[in-house]
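Just so it is clear: chains get the letters A, B, ... in the order the sequence lines come, proteins before strands, and each one is counted from 1. Computed from a predicted model, the values in this text were never measured in an experiment.
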Protein chains: 2
Amino acid sequence: MAASEEPGTVRPGGRTARVRAAVLRAAGDALAEHGMDRLDLADVARRAEVGKTTVYRRWGSVPALVTDLLEDMAEQSLPRVETGSLLEDLTANARLVRDTLTDPRQGALFRAVIAAATCDDRTARALHRFYATRIGEWAPCVETAVERGEVPPGTDAHEVIRAVSAPLYYRALMSGDPLDGDSAARAARAAFEAARAGVYVRS
Amino acid sequence: MAASEEPGTVRPGGRTARVRAAVLRAAGDALAEHGMDRLDLADVARRAEVGKTTVYRRWGSVPALVTDLLEDMAEQSLPRVETGSLLEDLTANARLVRDTLTDPRQGALFRAVIAAATCDDRTARALHRFYATRIGEWAPCVETAVERGEVPPGTDAHEVIRAVSAPLYYRALMSGDPLDGDSAARAARAAFEAARAGVYVRS
DNA sequence: CCACTAACGGGTCTGTAGTTCCGTTAGTAT
DNA sequence: ATACTAACGGAACTACAGACCCGTTAGTGG
């Protein structure tokens with residue numbers, strides 16, 4: 001008998017699922033309040049009204065819990081817009097990213113996850129998958145823009161989408177400059193102009 | 001007598017300075033090896049060949065130590081180049097940032113500091129000051145480019161420099177995409193083209 | 001509906017990060 | 001050169017995150 005599978009895999013039904021949901025929610029709350037270094041699994045258990053043992057058994061470490069939280073977030077995909085203009089699409093994306101980073105709960109959560117990824121390889125991989133998914137969802141709007149002739153053929157769609165997010169994350173995490181409405185518009189315009197100039201054409 | 005000043009302020013001479021240097025060096029080594037969450041002040045003390053008590057007394061917490069380390073790094077300013085062309089200057093800057101983030105020691109250190117800043121306000125402020133200084137050092141090359149007529153008048157020099165770094169940090173910390181030579185060149189070109197198109201003109 | 005056992009949960013134990021105490025070393029002022 | 005005391009350092013102490021044990025609850029398959 002293979003026996004010791006991960007707990008929660010054999011009976012993923014009612015209680016197990018409820019516990020997972022409650023713990024992830026509590027972990028999100030705790031992360032948003034104090035950073036990820038002050039995250040105490042016993043505290044998460046208390047908030048989730050769940051036995052401390054359960055949290056240690058199912059997740060074991062802070063990075064593991066954060067990773068699971070992230071994978072849960074990745075599943076809740078937001079619908080992507082598709083206007084007729086690349087600049088408008090990119091601006092919509094920039095606004096979405098800006099709103100996420102500015103939101104007290106979501107923003108703190110992203111900061112915490114990114115911090116956790118610098119310490120733990122599994123979390124880092126989960127984070128990379130998360131962004132790969134998100135970027136992949138938005139890439140088509142660049143591809144249709146190529147077809148419309150808005151940007152040169154051969155433009156790397158993923159690179160354009162990354163270029164929109166990058167300055168916003170840079171402000172949020174590194175430079176600390178305000179993330180106002182202008183930042184989002186400027187990030188979108190910068191990516192748009194660079195793409196039009198052929199900077200992102202694959203060599 | 002005001003008495004209890006911070007230790008190290010009254011006699012900053014020989015021994016105190018030596019201890020500070022040894023501890024900061026050891027902290028850098030430890031940060032580069034395992035992430036900042038696995039940073040143990042006792043371990044730092046051991047590496048620095050210094051009493052554990054001293055480390056706890058002078059810094060007390062991981063974020064405080066990281067902050068001091070960062071302020072120490074900020075003082076060691078690298079000379080900035082100034083070719084006759086904005087694109088070349090920006091490319092030089094991009095290469096510098098890329099090399100820093102790719103270097104095993106420096107890269108790990110920056111990741112750790114950024115992670116620490118998400119948990120601790122003092123560290124965050126120190127990090128923001130650090131980037132403000134670095135960006136301020138490079139801003140003049142944009143200003144001379146404005147005078148030469150390479151980019152429109154009213155262009156926000158700081159914003160251009162930030163735009164060069166942002167995609168590189170984004171790759172290093174969030175998306176996990178490789179930081180190859182092309183990335184640096186592309187980051188510089190993107191910032192350059194956006195600036196030329198007037199995206200960074202102050203409104 | 002019942003049996004079987006996966007998964008939970010309270011209580012207790014342990015390793016270690018961080019604190020405190022007090023004697024020692026070495027900057028600094030005269 | 002000497003005195004004064006800031007700052008260091010070893011050792012013993014404390015508190016708490018995380019591991020473990022074992023009895024209880026509730027999904028799941030017949």
(message) Just the rounded figure in Å: distance from P of dG10(C) to CD of E49(A).
(response) 11 Å
(message) Can you measure Y56(B) atom OH to dA7(D) atom C1' for me and round it to whole angstrom units?
(response) 19 Å
(message) Between L39(B) and G14(B), which residue's closest nucleotide on DNA chain C lies nearer the 5′ terminus?
(response) L39(B)
(request) Report yes or no: is there a donor-acceptor pair, N or O only, under 3.5 Å between the side chain of K52(A) and the base of dG9(C)? (result) no
(message) Closest-nucleotide mapping onto DNA chain C: is V62(B) or V19(A) further toward the 5' terminus? I mean the 5' end.
(response) V19(A)
(request) Could you tell me the separation between the CH2 atom of W59(B) and the P atom of dT19(C), rounded to a whole number of Å? (result) 15 Å
(request) Let me know the distance between CZ of R46(A) and P of dC16(D), rounded to the nearest Å. (result) 11 Å
(request) May I ask you to say whether R20(B) pairs ionically with D68(B), meaning some side-chain N is under 4.0 Å from a carboxylate O? (result) yes
(message) Taking any heavy-atom pair under 4.0 Å as a contact, classify R18(A): base, sugar-phosphate, or nothing.
(response) sugar-phosphate
(message) Over 60° means perpendicular and under 30° means parallel, so tell me whether Y131(B) and F110(B) are parallel, tilted or perpendicular.
(response) tilted
(request) Evaluate whether atom CZ of R95(A) has more than 12 neighbouring non-hydrogen atoms of other residues, nucleotides or ligands under 6.0 angstrom away. (result) no
(message) Under 4.0 Å, counting only non-hydrogen atoms across every strand here, what does R57(B) touch: a base, just sugar-phosphate, or nothing?
(response) base
(request) Take atom CZ of R15(B) and atom P of dT28(C), then tell me their distance rounded to the nearest Å. (result) 11 Å
(request) Write down the distance between NE2 (H34(A)) and C1' (dA17(D)), rounded to a whole number of angstrom. (result) 14 Å
(message) On DNA chain D, does the nearest nucleotide to G51(B) precede the nearest nucleotide to L41(A) from the 5' side, or the other way round? Give the residue.
(response) G51(B)
(message) Under 4.0 Å, counting only non-hydrogen atoms across every strand here, what does T16(B) touch: a base, just sugar-phosphate, or nothing?
(response) sugar-phosphate
(message) Please determine whether a side-chain nitrogen of the Lys or Arg among E71(A) and R129(A) lies less than 4.0 Å from a carboxylate oxygen of the Asp or Glu.
(response) yes
(request) Send over the distance from D43(A) CG to dG18(D) P, rounded to a whole Å. (result) 11 Å
(request) Output yes when D180(B) and R98(B) qualify as a salt bridge under the 4.0 Å nitrogen-oxygen rule, no when they do not. (result) no
(request) Measure the distance from CZ on R58(A) to P on dA6(C) and round it to the nearest whole Å. (result) 15 Å
(message) If you compare every side-chain N and O of T53(B) against the phosphate oxygens of dC8(D) (OP1, OP2), does one of them come in below 4.0 Å?
(response) no
(request) Give one of base, sugar-phosphate or nothing for R20(B), where a contact means two heavy atoms less than 4.0 Å apart. (result) nothing
